[in-house]
Number of protein chains: 2
Amino acid sequence: MNDNQSTSDKILMAAIDLMSEKGYDGTTTKEIAAAAGVNEVTLFRHFGTKQKLLETAFHRYHYAEEMTKLFQESLKWELHTDLLLISRTYHKIMNRNRKLLYIAQKGSSSLPQEIYQEAGRHPRHLRNLLTNYLTAMMEKNKVMTANPEMTAMSFMWMNYGAFYSGLNAKGASPDQPLDDFIEESVRLFARALTP
Amino acid sequence: MNDNQSTSDKILMAAIDLMSEKGYDGTTTKEIAAAAGVNEVTLFRHFGTKQKLLETAFHRYHYAEEMTKLFQESLKWELHTDLLLISRTYHKIMNRNRKLLYIAQKGSSSLPQEIYQEAGRHPRHLRNLLTNYLTAMMEKNKVMTANPEMTAMSFMWMNYGAFYSGLNAKGASPDQPLDDFIEESVRLFARALTP
DNA sequence: ATATAATGCAAGCACTTACTTACATTACGG
DNA sequence: CCGTAATGTAAGTAAGTGCTTGCATTATAT
């Protein structure tokens with residue numbers, strides 16, 4: 001049981017890579033083992049089951065508490081500056097866990113529900129934080145909107161859409177278009193919400 | 001070959017229903033036949049292959065020319081009114097083909113590329129139409145933005161995100177939250193872009 | 001009423017997949 | 001250097017999958 005860290009990791013990484021491209025059902029244990037440069041039996045000795053293998057991978061999906069901390073500590077209560085920071089952090093987190101999110105998105109009939117819950121946690125959390133922020137800004141007379149929750153949703157969905165439409169799909173892509181989008185969209189929201 | 005329309009349709013509908021939930025790989029031909037109330041052999045006699053069955057289903061994905069016609073005929077050159085119409089039409093089209101889009105989104109290693117292309121056609125098309133519209137509105141001094149293409153993308157991704165996050169996932173849902181979102185988000189964009 | 005086409009049924013085939021077992025080989029720390 | 005743990009190799013199992021075949025049954029149209 002004293003896992004050779006390196007071997008387990010190689011298998012996990014290979015599984016994540018393949019499954020994020022071909023889905024859980026479409027990826028075989030033989031493929032994973034081959035991609036990891038390891039015998040298929042070793043895979044089963046480490047994880048017992050294909051499903052447990054993926055669950056282990058998702059366990060490493062450490063939900064970033066970054067967002068909570070950001071909302072507690074780093075906000076300047078200046079709309080444009082804050083939205084920019086929020087959007088950039090959002091994409092950083094999503095990007096870091098991109099492959100796992102893709103796996104959850106593709107889904108499968110034989111996948112434990114826990115995985116989908118984990119994948120949906122971050123967006124729901126952000127929606128709440130953002131709604132509260134906008135409400136507080138309204139009380140400071142620094143934001144004007146008829147419906148802070150819907151405004152928060154709009155901002156979230158815009159970034160969600162940008163992420164899943166593969167804006168930053170390539171591995172070490174230059175990220176320039178992403179930055180352009182973030183700046184332009186934040187400018188738009190700031191202008192719309194400023195009283 | 002003179003297909004009994006009703007039988008073929010039952011099979012196609014069952015396939016779309018199941019695959020949109022469990023993915024192409026996760027759905028068996030036996031299941032499809034059972035859900036259609038038909039013998040599995042009948043399925044193969046009609047479509048020959050599981051893959052050809054899905055391709056036939058996608059052939060019914062009649063890409064709505066509605067959008068093009070809308071941009072040619074129905075625009076009032078009044079920002080708020082036009083964005084509202086565009087957003088509503090977008091969600092109408094997406095919703096009509098929701099299940100097929102879900103199948104493409106889940107994907108599979110053994111799915112013909114044609115299917116993904118078809119699924120991506122509508123968003124790309126809308127982006128172009130919307131960019132051109134915003135540019136024209138700028139020339140009329142009715143819209144102000146530094147980057148019409150990015151603005152179009154932002155609007156598109158926002159609606160794309162709202163759609164895929166399952167805002168309207170339930171079959172005959174009341175659609176009230178969707179309407180709320182559309183109105184609030186259009187108001188926001190109109191305010192941001194009005195000079 | 002009879003020919004023709006569409007469907008059902010039972011069985012099976014060829015192949016893949018997740019997973020197992022038994023045994024040989026290597027790596028490695030005390 | 002030796003014992004133990006980790007890995008490789010080969011073979012196989014049980015179940016599931018897409019798909020086929022042969023034949024019986026039902027519907028439909030002329």
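Letters go in sequence order (proteins before strands), and every chain restarts at 1. Quick caveat: nothing in here was measured; it's all calculated off a predicted structure.
Summarising the geometry, the separation between CG on B:Leu54 and P on D:dC19 is reported as 12 Å, rounded to the nearest angstrom. The NZ atom of B:Lys10 sits 10 Å away from the C1' atom of C:dT7 (whole-angstrom rounding). To the nearest angstrom, C1' of D:dT7 lies 10 Å from CD1 of A:Ile11. Between the CG atom of B:Asp9 and the P atom of C:dT7 there is a distance of 12 Å, rounded to whole Å. At whole-Å resolution of the value, CG in B:Leu18 and P in D:dT17 are 13 Å apart. Taking atom CG on A:Leu43 and atom P on C:dT17, their separation rounds to 14 Å, with Å as the unit.
A search for side-chain hydrogen bond (donor to acceptor under 3.5 Å, both in side chains) contacts involving B:Asn39 returns nothing, not counting sequence neighbours. For A:Tyr90, the ring pair (Phe, Tyr, Trp, His ring centres under 6.0 Å) partners are A:His122, not counting sequence neighbours. For B:Phe71, there are no ring pair (Phe, Tyr, Trp, His ring centres under 6.0 Å) partners at least two apart in sequence or on another chain.
Identified under the salt bridge (Lys or Arg N to Asp or Glu O under 4.0 Å) test for residues 76-88 of chain B, with sequence neighbours left out: B:Arg88-B:Glu183. Within the structure, ring pair (Phe, Tyr, Trp, His ring centres under 6.0 Å) pairs that include any residue of residues 128-153 of chain B comprise B:Trp77-B:Tyr133 (at least two apart or interchain). The stretch residues 126-150 of chain A participates, sequence neighbours left out, in no salt bridge (Lys or Arg N to Asp or Glu O under 4.0 Å) pair at all. Sorted by first and then second residue, the pairs that involve residues 22-38 of chain A and meet salt bridge (Lys or Arg N to Asp or Glu O under 4.0 Å), not counting sequence neighbours, are A:Lys22-A:Glu31, A:Lys30-A:Glu40.
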Query raised in the report: How does each nucleotide of nucleotides 20-28 of chain C score, in 5' to 3' order, for protein heavy atoms under 4.0 Å: base (B), sugar-phosphate only (S), or none (-)?
Result: BB-------
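For B:Val38 and A:Lys50, each mapped to the nucleotide of DNA chain C holding its nearest heavy atom, the one lying further toward the 5' end belongs to B:Val38.
The CD1 atom of A:Ile16 lies 8.0 Å from the CG atom of A:Leu54; values are rounded to the nearest 0.5 Å.
Sorted by residue number, the members of residues 19-37 of chain B with any non-hydrogen atom under 4.0 Å from DNA chain D read B:Thr27, B:Thr28, B:Thr29.
Taking 4.0 angstrom as the limit, A:Thr7 places a side-chain polar atom (N or O) nearer than this to OP1 or OP2 of D:dT7. Distances shorter than 4.0 Å separate some side-chain N or O of B:His46 from OP1 or OP2 on C:dT7.
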Report task. With salt bridge (charged side-chain N to carboxylate O under 4.0 Å, His left out) as the test, would you mind laying out the steps for A:Lys69 and A:Glu66 before giving the verdict? Result -> CA-CA 5 Å; A:Lys69 206 189 294 180; A:Glu66 279 174 82; over 6 Å; no
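Taking the side chain of A:Thr42 as heavy atoms from C-beta on, and the options C:dG8, D:dG8, C:dC19, the nearest nucleotide is D:dG8.
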